[in-house]
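Read through the structure below, which is laid out as structure tokens, and then see the notes.
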Amino acid sequence: MAQVIRSPKQYDVCIIGSGAGGGMAAKILTEGGLNCVLLEAGPNVNPEKDFKMLMWPYEATHRGAGVGGHARENFGEFLAPNGAWKIEGEPYTSAPGSNFQWFRSRIVGGRTNHWGRIALRFAPIDFRSATRDGLGDDWPITYEDLAPYYDKVESYIGVFGTKENVSSAPDGVFLPPPKPRCTELMVKKACDKLSIICIPSRLAVITRSLNGRLPCHYCGQCGRGCITASNFSSSQVLLPPAMKTGKLTLITGAMAREILVNKEGKADGVSYLDKATRTEKRINARAIVVAASACESARLLLNSKSPAFPAGLANSSGTVGKYLTDSVGSSGYGYFPQLEKMPPHNHDGVGGMHMYMPWWKFDRKNDFPRGYHIEFGGGRDMPGVGMFYGLCRDEEGYGPTLKQRARQVYGTHIGFAGRGEMLPNPDTYCEIDPDVVDQWGIPALRFHFKWSDYELLQAKDMQETFRAIVETMGGEYKTKTSIHGEYPFGIEPGGKIIHEVGTARMGADPKTSVLNGFCQAHDVKNLFVTDGAPLVTNPDKNPTLTIMALSWRASEYLLDEAKKGNL
Amino acid sequence: MANESISRRDILRTLAVTAAGGSVLQVIPAEAAAYVHQMVHKEKAAAPAGTYTPKYFSASQYAVLTFLCDAIIPKDEKSGGAVEAGAPEFIDLLTSENPEYQLKLGGGLFWLDAACTDRYGNVFMQCRPEQKKEIMDLIAFRKNAKQDASLSQGVAFFAFLRNLTCDGFYTSKIGIADLQYIGNTSLREFPGCPPANI
């Protein structure tokens, strides 16, 4: 190994990763008085330069398709610096028979720069689902333990929504929601007929001023990143107050290789690769918070081997990398002839749905365990690349007929996407690939992934529900799926929904879990993991809000333990 | 196009001024303005009307590409067509950067000339208008390839080009106006669905 450059400085805490979990830890720990260093593998983000808010497609040379049209393979070039399923020089592998797509974001703020801002609380039952149906495991903490932190997170970052008293979707501290779009009112009407609950969505977008941030200006482009920080991101909402304390040192371009331990078996530093100089450097710290994203954190722990921890750090249980899940995702869309007569109007709103369907069949027996929610959208969105491929496929031809048909069908489609709970299974996990390293020589991850019938039955139910809603609305359901093929009932490959969690789960028993209820490693008292890795279950609620609530709670605990001299 | 850029800059300025005293936004106006200017320069460099030099296609292939784009989305009484909207430049740019596009489009254009030579004894551009129409009508529909397998490469080529032509047209100022899209602006409150619309 090349010579390691040692920094003589000793920090209180080294945080690895600047997304939802790491950003929250940075804010709480620095405000609590600790000196922190934050390692981020990517560059800084410059909203005013990088975010393409309010840009027209024709103002970009590639019109949104990206160089060589390649931006289409991810989310399009207008999205906030967003990461990808494939990053040059940073490989991962899938075991034979497995297909897992691993999304990585290498930028300050991580995926919070572009996420859908869907901010849903887990429900009380989600922490106790094993007690109810005998599948999987319960959490070591309850909803009541986390509820005060949900309150704090929502109050600080700003989430709109309404009090609805739906047991699968607990109410929170909400700002007023935006008014529904025309297409959403149509869907709501059909849902009422079908007894499907359809309520205002809950997004981390502020509709009123909050902590010096401007309210939303309704351009519909949250995914591009918001120059006014009217939507939440770690880079714009959590890191600025942490920097303001003067106690945060941010190091970008820093790829963590290994967490180092001392003779007493405590973590005492991090070895990282400084990308700019391509040299190995070392940070000394009294405590480590790992928040590199669920699988990246597992990789770091597994790669941190030492005589005291031969199977990887904090892995005496052998469960690091296990219990991996993603959300069950299946989608479809309908065509609605009545929308051809919809007069032109501004339909942008916030960058995401104003209404959604929380899990509504919690009161009956279903042919699969757990549940899913439905996201939907469509109508007179800003035109962009790919918008008329469906029309071209259906109509074919060319000339005046095609052009006239495009005018007619613009804004007449509504898409539906289910997001459901996957149960952990023994065939789904990540481990170190013995044969592959990345460009810095860090051993890469190998994924094993399998859906069980639980998930496939859920995807089937999603497809049937989408069809029922579309047909009740008088539309034509256009998506065709079947039980056969690689993606039965349209189920997305693992990792595609980017809700991968569980790889360093918390639990009461150190033999079957990595962390305790405060995200603290059972084996190493001064080591915490605060991203998606600690989650015991992956209910049908996007994990980011829960990651932040857990991180806030873990950080307060860390502060307290530091004061008591327990770390 | 400059008008929209200015309006974006103005919106950003307004937002920044509104936020004065707020926490994250004090740097915006100068940098945002510089950024918008930079984009406008890029755009002007990319599409100087009438004087475009193709980056990938030969002059003769580019002429065929332009002809086909015009046929796919022509000018009509309501709006200009794909050529006026810069679709050929857009397609040429992406093709110059992507070997897969080079195969599909560059190869497809060669296929078209070869097919026309076989059928009509001339390359596409030298065919009579009714011959051009005949071959386009053949490759514009999948069902024709089912009846005559020798058309299938042409059908795949045309389908790919049709998608890209739509991309080029409907991401242009002309195409967006043609669809009567209203938005991409800053509102104090979102009005919701106009009551008359539902």
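Residue numbering restarts at 1 for every chain, and letters A, B, ... go by the order of the sequence lines. Values in this document were obtained by computation on a predicted structure and should not be read as measured data.
With a threshold of 4.5 angstrom between heavy atoms, B:Y181 approaches chain A through its backbone and through its side chain. Only the side chain of A:M342 comes within contact range of chain B, judged by heavy atoms closer than 4.5 Å. Only the side chain of A:H354 comes within contact range of chain B, judged by heavy atoms closer than 4.5 Å. Heavy atoms of A:E395 lying under 4.5 Å from chain B belong exclusively to its backbone. With a threshold of 4.5 angstrom between heavy atoms, B:A159 does not approach chain A through any atom at all. Using a 4.5 Å cut-off between heavy atoms, B:S79 contacts chain A through both its backbone and its side chain. If you measure heavy-atom distances from A:Y410 to chain B, the contacts under 4.5 Å come from the side chain alone. For A:P400, the parts sitting under 4.5 Å from any heavy atom of chain B are the backbone and the side chain alike.
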Check against side chain to side chain donor-acceptor pair (under 3.5 Å), A:H70 and B:E97: CA-CA 9 Å; A:H70 290 299; B:E97 298 161 342; over 6 Å; no

Candidate pair A:C219 and B:S186, rule side-chain contact (heavy atoms from CB on, under 4.5 Å), full reasoning: CA-CA 6 Å; A:C219 72; B:S186 163; over 6 Å; no

side-chain contact (heavy atoms from CB on, under 4.5 Å) between A:R407 and B:Q180, worked out: CA-CA 9 Å; A:R407 283 178 190 133; B:Q180 297 184 276; over 6 Å; no

Worked check of disulfide bond (SG atoms under 2.5 Å apart) between A:C182 and B:C193: CA-CA 5 Å; A:C182 298; B:C193 184; 2.0 Å; yes

side-chain contact (heavy atoms from CB on, under 4.5 Å) assessment of A:H217 paired with B:L187: CA-CA 5 Å; A:H217 52 266; B:L187 301 175; 6.0 Å; no

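Across all non-hydrogen atoms, the minimal contact from A:Y58 to B:S172 is CD2-C, 3.4 Å. Across all non-hydrogen atoms, the minimal contact from B:L94 to A:G69 is CD2-N, 3.6 Å.
With contacts defined as side-chain heavy-atom distances shorter than 4.5 Å, the pair B:Y170/A:M387 does not qualify. Inter-residue side-chain proximity for B:T185 and A:N346 is flagged as met; some heavy-atom pair is nearer than 4.5 Å.
With rounding to the nearest 0.5 angstrom, the OH atom of A:Y398 is 11.5 Å from the CG atom of B:D70. Interatomic distance, CG of B:N197 versus OG1 of A:T183, reported as 11.0 Å (0.5 Å rounding). B:D178 CG to A:Q404 CD: the interatomic distance, rounded to the nearest 0.5 Å, is 8.5 Å. Within the model, atoms CZ of B:F160 and OH of A:Y389 stand 7.5 Å from one another, a figure rounded to the nearest 0.5 Å. Interatomic distance, B:I176 CD1 to A:W56 CH2, rounded to the nearest 0.5 Å: 5.5 Å.
Residues B:E189 and A:R208 are paired through a salt bridge, judged by an N-O separation under 4.0 Å between the basic side chain and the carboxylate. Under the 4.0 Å criterion applied to side-chain N and carboxylate O atoms, A:R63 and B:D167 are not assigned as salt-bridge partners.
At least one donor-acceptor pair under 3.5 Å links the side chain of A:K403 to the backbone N or O of B:P74. Although no hydrogens or angles enter the test, the distance criterion places a donor-acceptor pair under 3.5 Å between the side chain of A:E396 and the main chain of B:R142. Formation of a donor-acceptor pair under 3.5 Å by the B:R162 side chain with backbone atoms of A:R393 is not found in this model.
With respect to chain B, the highest number of heavy-atom pairs below 4.5 Å among A:G411, A:P178, A:G349 belongs to A:G349. Heavy-atom pairs under 4.5 Å with chain A were tallied for B:L68, B:I182, B:T165; the largest tally goes to B:I182. Residue with the most contacts toward chain A among B:E100, B:K75, B:K78: B:K78 (heavy-atom pairs, distance under 4.5 Å). Per-residue heavy-atom pair counts under 4.5 Å with chain A were compared for B:N163, B:D76, B:T95, and the maximum is reached by B:N163.
Taking a 6.0 Å sphere around NZ of A:K188, one finds it holds more than 12 heavy atoms contributed by other residues, nucleotides or ligands. In this structure, A:E88 places its CD atom where only 12 or fewer heavy-atom neighbours from other residues, nucleotides or ligands lie under 6.0 Å away.
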